[in-house]
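Heads up: the structure comes next, in structure tokens.
Scope of the values below: all heavy atoms of this structure, side chains included, with no hydrogens, waters or symmetry mates. Given the structure is predicted, the values throughout are model-derived calculations rather than measurements.
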Amino acid sequence: MNKVNNNVLLEVKNLKKYFPVRKGFFGGETQYVKAVDDITFHINKGETFGLVGESGCGKSTTGRTIIRLYDVTDGEVIFDGAELGKMRESELKPFRKRIQMIFQDPYASLNTRMTVGDIIGEPIDIHNLATGKKRQEIIYDLLERVGLNKEHANRYPHEFSGGQRQRIGIARALAVEPDFIICDEPISALDVSIQAQVVNMLEDLQKEMGLTYLFIAHDLSMVKHISDRIGVMYLGKMAEIATSDELYTKPLHPYTQALLSAIPIPDPEVTRAKQREVLEGDVPSPLNPPSGCRFRTRCKYAMAKCAEVEPKLKDVGGGHMVACHLMDK
Amino acid sequence: MAEKLLDVKNLKTSFYTHVGEVQAVRGVSFSLNKGEALGIVGESGSGKSVTSMSIMKLLQFPGKIKDGEILFKGEDLVKKSEKHMMSIRGNEIAMIFQDPMTSLNPVYTVGDQIMEAIIRHQGLSKQKAKKKAIEMLKLVGIPSPEKRVDNYPHEFSGGMRQRAMIAIALSCQPDLLIADEPTTALDVTIQAQILELMKDLKEKINTSIILITHDLGVVADVCSRIIVMYGGLVMEEGTAEEIFYDPKHPYTMGLLKSIPRLDLGQKKRLVPIEGSPPDLLKPPKGCPFAARCPYAMRICVEERPPYFYVNEGHRSMCWLLHEDAPDVKVETGVKRGIA
Amino acid sequence: MAENKSIPKTMWEPIAHEERNKEKISRPSVTYWQDAWRRLKQNKLSMLGLIMIAILFTLAIFGPMIANHTYSDQDLNLTNIPPRFEIYKIDKDTFVHVRRDYTLIQVSEDGEILGKVEETEDNIFQRYRAYKIEGKDIKLDYSLAAKNKDKPNAKKFMLLSDGEELIPYKKVFNKTYWFGTDALGRDLFIRVLYGARISLTVAIVAALVNFFIGVLYGGISGYMGGKVDNVMMRIVDIVSTVPLMLYVIMLMVVMGAGLKTIIIALGLTYWVRMARIVRGQVLSLKEQEYVLAAKTLGASTWRILIRHLIPNAMGPIIVALTMQIPSAIFTESFLSFIGLGVSAPMASWGTLASDALGGLRTYAYQLFFPSIAICITMLAFNFLGDGLRDALDPRLRK
């Protein structure tokens with residue numbers, strides 16, 4: 001059912017990102033961490049695509065490679081028809097205005113030596129969007145848009161709470177009026193009551209400005225809430241892609257099932273009655289991943305085939321894609 | 001009535017910084033029975049971790065216990081000397097911290113670190129202590145403990161390190177185990193493993209547990225009684241069922257409403273708690289939550305509410321429960337899930 | 001149950017939404033530097049260091065200006081006068097001091113130097129000198145010195161006034177030359193002050209050169225990373241393998257000894273440490289999310305370096321700088337001491353110490369003052385550096 005879709009904003013094709021680990025001084029053997037190893041997905045205009053997985057699964061690397069904080073090892077990143085993967089920094093500059101990023105750590109993502117006004121003003125300066133009074137007005141406008149006020153422009157980041165800082169980070173990303181925002185775990189460092197503020201704000205901004213999001217997180221319940229479609233990653237591979245409702249009601253990959261089962265539900269009766277399926281063991285090292293299916297070492301359905309052949313991501317109907325040999329039957 | 005193990009009375013802890021006194025804990029009282037698992041829920045800055053550090057008397061400079069009593073088995077820990085506390089810590093009260101990466105010393109083997117506590121508090125010989133260490137590792141579910149006992153922490157994964165931390169904490173059969181965000185730094189699947197382990201151990205060795213966390217899902221799973229903290233005060237206390245199905249404090253309701261429920265099919269807009277937590281350098285005169293509370297009344301700003309008891313054991317610090325209070329239609333946001 | 005005191009009805013009114021929901025910040029705005037200054041002020045030792053450095057700078061700048069003689073003025077009549085000496089009373093208002101070479105200097109009662117007394121007879125065979133002061137016959141008999149040569153504490157001379165032996169009247173401080181004079185009769189105090197000028201100039205110039213070269217070099221190396229970093233750091237390694245002494249000697253051959261040579265030599269080698277420190281900082285800072293954010297905004301390398309990385313590495317840079325200044329001072333003194341530095345009549349603390357070595361056993365004060373000056377300066381800068389390290393450490397920031 002791979003219809004050609006004019007509505008696609010971002011298309012990632014066979015993306016690979018390897019990090020060299022030890023470069024021998026005299027040209028010795030080089031090992032690679034295959035952080036992202038051949039993943040393919042697309043994001044439609046105006047939708048929110050969630051990317052979930054545990055630490056080290058490559059979800060953040062995917063986001064950072066798309067925005068070209070990292071160079072692409074192999075594969076393509078097609079944004080609105082243009083291939084970003086092999087562009088040089090100078091060629092990328094117009095796209096830097098259209099793709100933005102919101103970061104995880106509200107304490108580390110703002111330069112503490114700059115005032116909030118200068119932080120939000122930086123993208124305006126870089127792209128020469130406005131100067132003087134006009135610049136000032138844009139900054140005030142952005143501050144108000146994220147629920148802060150004018151007086152905050154002269155303050156320094158350390159004077160704000162985590163939620164307020166995250167909103168400053170959002171204001172900075174909005175300053176260039178982007179089409180596409182990569183949200184790299186934007187709420188995982190925030191308190192529960194603040195998370196909802198930020199998520200609601202992101203939803204409102206999406207409606208107002210017609211934004212498209214790539215929402216990266218490890219918290220499946222929040223991802224499910226905000227996303228239209230979700231991709232589940234495990235050890236650099238895409239395990240399953242489905243709409244968020246379908247992923248919850250009909251998870252097909254054993255890893256997705258385990259992930260869903262592991263989440264503690266804030267309801268004593270439900271969570272105590274639930275038979276939790278506990279995954280044994282730890283995630284294997286991405287330096288030396290298992291052969292075949294990467295999940296087989298922890299999978300209770302693992303067969304002989306799983307060790308030999310790597311399962312391909314296949315459409316099982318209605319855009320629900322799974323990479324598992326159990327689907328072959 | 002069950003036997004009281006810990007009784008904290010009107011605990012006040014402050015940090016004396018250069019800008020002034022930060023009142024992190026402003027009069028917290030609660031008690032814990034033998035064999036009970038108590039959950040303390042709160043956001044950062046609510047005073048939940050400072051409370052646990054006060055019980056352990058491990059407050060960092062410039063923190064100080066200003067007032068109150070911490071009765072542990074009837075004896076007041078606040079008055080105890082540092083030397084006396086050293087014999088209690090690790091032996092009678094043990095603690096697990098959030099970050100398993102930094103709470104183990106990288107230059108000693110895991111076995112050495114478990115044995116240290118055993119030798120120190122129980123006076124066992126080295127061979128016996130090692131045997132005990134292997135037993136403990138087995139108890140917390142580490143495969144081939146005979147080999148693993150001689151490993152260094154860096155050879156352990158995050159989940160295994162947290163298991164090793166639990167092994168160290170339990171090695172002297174403490175009466176009380178304080179777990180401060182024990183699963184926050186771990187992945188969901190590993191978190192599930194650790195939570196199962198903790199529930200399992202609770203049955204096996206009958207230790208009282210104080211579980212401090214910001215994750216309502218975690219306390220719902222493990223704890224029978226829950227304390228909700230905010231702004232250095234206990235906002236509400238009750239059994240898990242009371243807190244989740246019959247919350248009486250708007251803050252508790254707000255917390256429940258602001259988290260998305262994975263198990264309930266609806267996709268609804270989240271209801272956040274607007275605003276930011278109070279600055280405890282200048283704590284508000286009245287209810288700390290008044291500034292963010294949708295039902296705030298004049299009195300909430302003027303005077304701190306007393307505890308109103310819904311029943312014995314379920315109390316809430318909220319003026320709405322006063323008999324003169326107007327009948328506000330309160331939306332609790334509670335939906336009982338279908339098991 | 002709760003207490004049942006009556007509460008006025010107005011108290012139960014709900015309060016307006018706007019009244020509560022303000023994102024206000026109650027704490028005063030404190031910048032990084034204000035906070036660091038506050039923490040530095042709490043450290044008594046570093047404040048002492050800072051005060052000493054301030055005094056040192058004031059003295060070095062203004063001291064030689066207001067003095068009534070310069071560092072090179074010689075008075076061969078008044079050589080080797082110590083800063084504190086014994087005086088003998090000849091007459092009501094006449095006092096003399098016996099120098100170590102058994103000549104007489106006329107002084108006032110409170111220690112002012114009035115001038116050398118000309119002898120009427122100098123008998124080197126019987127080892128005495130005769131003087132006529134205020135009509136009195138003074139005889140300075142130093143024949144004991146030869147007899148008691150091996151006994152350091154024994155009496156070396158006798159001062160006889162009209163045949164009567166004089167005993168020391170009292171000890172006074174030298175009012176004319178506070179630190180005494182050297183072998184050429186130059187004022188040691190002025191020379192030490194002048195030395196401070198030289199030392200501080202060397203230190204400041206060297207530190208500034210290092211600051212600019214080191215910060216830029218280390219910043220670029222750390223930020224670029226990879227091969228560029230590798231090559232740049234190997235160059236640093238090569239530069240630092242050649243000893244400083246060799247640079248100085250080679251430069252001396254080309255340019256001759258002097259202040260310029262030392263400054264250039266220090267400038268050539270000292271930036272290496274700064275470059276390493278800045279590189280280390282930048283390596284860890286460039287993974288910070290605010291740097292990534294700037295990159296995704298399309299900021300140029302230069303902008304990221306100047307606006308984000310260097311301001312955030314400023315703490316360790318300043319600490320390294322304050323630690324490098326005393327090190328540069330010490331190096332300059334050392335080079336001057338072994339004769340590779342500034343040459344006569346200019347005086348650096350190193351040359352002063354070196355000059356004093358010859359007469360060390362008789363005129364120890366000539367070594368004492370420049371050494372003390374070096375010590376105090378080193379201590380002051382180190383105290384300040386330690387304090388700054390604590391004050392600027394982001395881990396200690398609350």
Over-ring placement of Arg148(B) relative to Phe156(B), 6.0 Å and 45° cut-offs: yes

So which of Leu216(B), Thr189(B), Ile273(B) has the biggest tally of heavy-atom pairs under 4.5 Å with chain A? Thr189(B)

Do Asp219(A) and Ser221(A) meet the criterion of a side-chain donor-acceptor pair at a distance under 3.5 Å? yes

Using non-hydrogen atoms and a limit below 4.5 Å, what part of residues 184-195 of chain A faces chain B? Asp191(A), Val192(A), Ser193(A), Ile194(A)

Flag for His314(B)-Glu236(B): side-chain donor and acceptor within less than 3.5 Å: yes

Go through Gly217(B), Pro143(B), Ala240(B), Gly159(B) and name the one with the most non-hydrogen pairs under 4.5 angstrom from chain A. Gly217(B)

Side chains of Glu240(A) and Tyr234(A), donor plus acceptor under 3.5 Å: no

Could you check whether any side-chain heavy atom of His154(B) comes within less than 4.5 Å of a side-chain heavy atom of Pro106(B), counting everything from C-beta outward? no

Region of Leu195(B) in contact with chain A, defined by heavy-atom distances below 4.5 Å: side chain

Between His214(B), Glu196(B), Met160(B), Lys199(B), which residue shows the highest count of heavy-atom pairs closer than 4.5 Å to chain A? Glu196(B)

Check each atom of Gln193(B) against the heavy atoms of chain A and say whether the ones under 4.5 Å are side chain, backbone, both or neither. both

Regarding Gln31(A) and Asn288(A), is there a side-chain donor-to-acceptor distance under 3.5 Å anywhere? no

Contact check, side chains of Ile226(B) and Val41(B), non-hydrogen atoms, under 4.5 Å: yes

Does any non-hydrogen side-chain atom of Glu54(A) lie less than 4.5 Å from one of Tyr255(A)? yes

